[in-house]
Amino acid sequence: MSDAVDPLRTAHRRAYGLGLALCCGTPGVIAVLLLAGVIPPGTEAPEGIHQQIGYLFTGLVFLSAAWVLWRSGQALREFRGVAEAQRPLVLLRECLLYAAVLDLSSLCGLVYWSQVGSQAGRHAWSFILLTPALFLALVPREARWRKALEG
């Protein structure tokens with residue numbers, strides 16, 4: 001079936017592509033800003049309050065990933081009951097919502113860099129680079145949406 005005849009495939013390609021662009025684009029822009037020195041690394045030691053902030057950011061990233069996993073399961077279970085004309089819109093909304101929530105990881109990395117980047121840069125970069133990995137791992141592919149329609 002061609003894309004012109006299959007609105008679900010077209011919607012998924014568009015939604016997944018936009019979501020992936022967001023989850024790769026934001027870390028890319030942040031990486032350019034950090035590597036160019038536009039945002040200098042913070043000089044604080046990753047101890048005390050700054051260590052606690054790092055733990056908080058780690059928790060937020062895992063919480064956002066768990067929420068996306070839960071929400072996608074809910075959306076897939078309810079997808080069969082959605083009117084056929086609305087399915088492409090639901091798919092688009094869900095994929096973009098997941099991308100926006102997962103993009104939180106990049107923003108946490110940026111903030112952490114601005115605090116402790118010179119002494120804990122690898123942690124900040126981990127937050128930044130997790131965004132596309134989480135998107136690829138957690139956002140349902142077209143086959144899962146189709147399987148949800150089968151029941």
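Along the sequence shown, the residues carry numbers beginning at 1. If you're wondering where the values come from, they're calculated on a predicted model, not measured in any experiment.
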Consider only side-chain heavy atoms of I, L, V, M, F, W and Y, link residues closer than 4.5 Å, and tell whether Val38 and Val116 are in one cluster.
no
Following the transitive rule for hydrophobic clusters with a side-chain heavy-atom cut-off under 4.5 Å over Ile, Leu, Val, Met, Phe, Trp and Tyr, establish whether Leu138 and Trp70 coincide in one cluster.
yes
Membership question, hydrophobic clusters at under 4.5 Å side-chain separation (ILVMFWY): are Leu91 and Leu97 in the same one?
no
At their closest point, which heavy atom of Val139 faces which heavy atom of Cys95, and how far apart are they?
CG1-SG, 3.9 Å
Using side-chain heavy atoms (C-beta onward) and a distance below 4.5 Å, is Ile53 in contact with Val111?
no
Kindly give the heavy-atom pair with the smallest separation between Ala75 and Trp145, and that separation in Å.
CB-CH2, 4.1 Å
Within the structure provided, determine whether Asp103 and Pro27 are in side-chain contact (heavy-atom separation under 4.5 Å).
yes
Count I, L, V, M, F, W, Y as connected when their side-chain heavy atoms are under 4.5 Å apart, and connections chain through other members. Are Phe127 and Leu110 then in the same cluster?
no
To the nearest 0.5 Å, what is the distance between CG on Leu69 and CG on Leu134?
10.5 Å
Would you say that Thr26 contacts Thr131 through its side chain, given a criterion of any heavy-atom pair below 4.5 Å between the two side chains?
no
Sorted by chain and residue number, the side-chain contact (heavy atoms from CB on, under 4.5 Å) partners of Ser72 (sequence neighbours excluded) come out as Tyr98, Pro140
Taking atom types as modelled and ignoring hydrogens, do the side chains of Gln74 and Arg77 form a donor-acceptor contact shorter than 3.5 angstrom?
yes
Within a reach of under 6.0 Å around CD of Glu84, are more than 12 heavy atoms found that belong to other residues, nucleotides or ligands?
no
Main chain of Arg80, side chain of Arg87: is a donor-acceptor contact present, judged purely on distance under 3.5 Å?
yes
Mind checking what makes ring pair (Phe, Tyr, Trp, His ring centres under 6.0 Å) contact with Tyr16, not counting sequence neighbours?
His12, Phe135
d(Arg93 CZ, Leu89 CG) to nearest 0.5 Å is 8.5 Å
Can you measure from OG (Ser106) to CG (Leu130) and round to the nearest 0.5 angstrom?
8.5 Å
Heavy-atom pair with the smallest gap, counting every atom of Pro41 and Gly117
CB-C, 3.7 Å
Looking only at non-hydrogen atoms, find the nearest pair between Ala148 and Phe79 and report the distance.
CB-CB, 4.3 Å
For the atom pair CG (Leu107) and CD1 (Ile30), what is the distance rounded to the nearest 0.5 Å?
5.5 Å
Is Val61 reachable from Tyr112 through a run of I, L, V, M, F, W or Y residues, each pair having side-chain heavy atoms under 4.5 Å apart?
yes
Do Leu136 and Leu20 come close enough that some side-chain heavy atom pair is under 4.5 Å?
yes
Between Arg144 and Leu76, what is the shortest heavy-atom contact and its length?
NH2-CD1, 3.1 Å
With rounding to the nearest 0.5 Å, note down the distance linking CD in Glu142 to CG in Asp6.
6.5 Å
For the pair Ser105 (side chain) and Ile128 (backbone), establish whether a donor and an acceptor sit closer than 3.5 Å, ignoring hydrogens and angles.
no
Shortest non-hydrogen pair, Cys23 vs Pro132, comes out as O-CD, 3.4 Å
Do Leu8 and Leu149 have side chains that get closer than 4.5 Å, going by heavy atoms?
yes
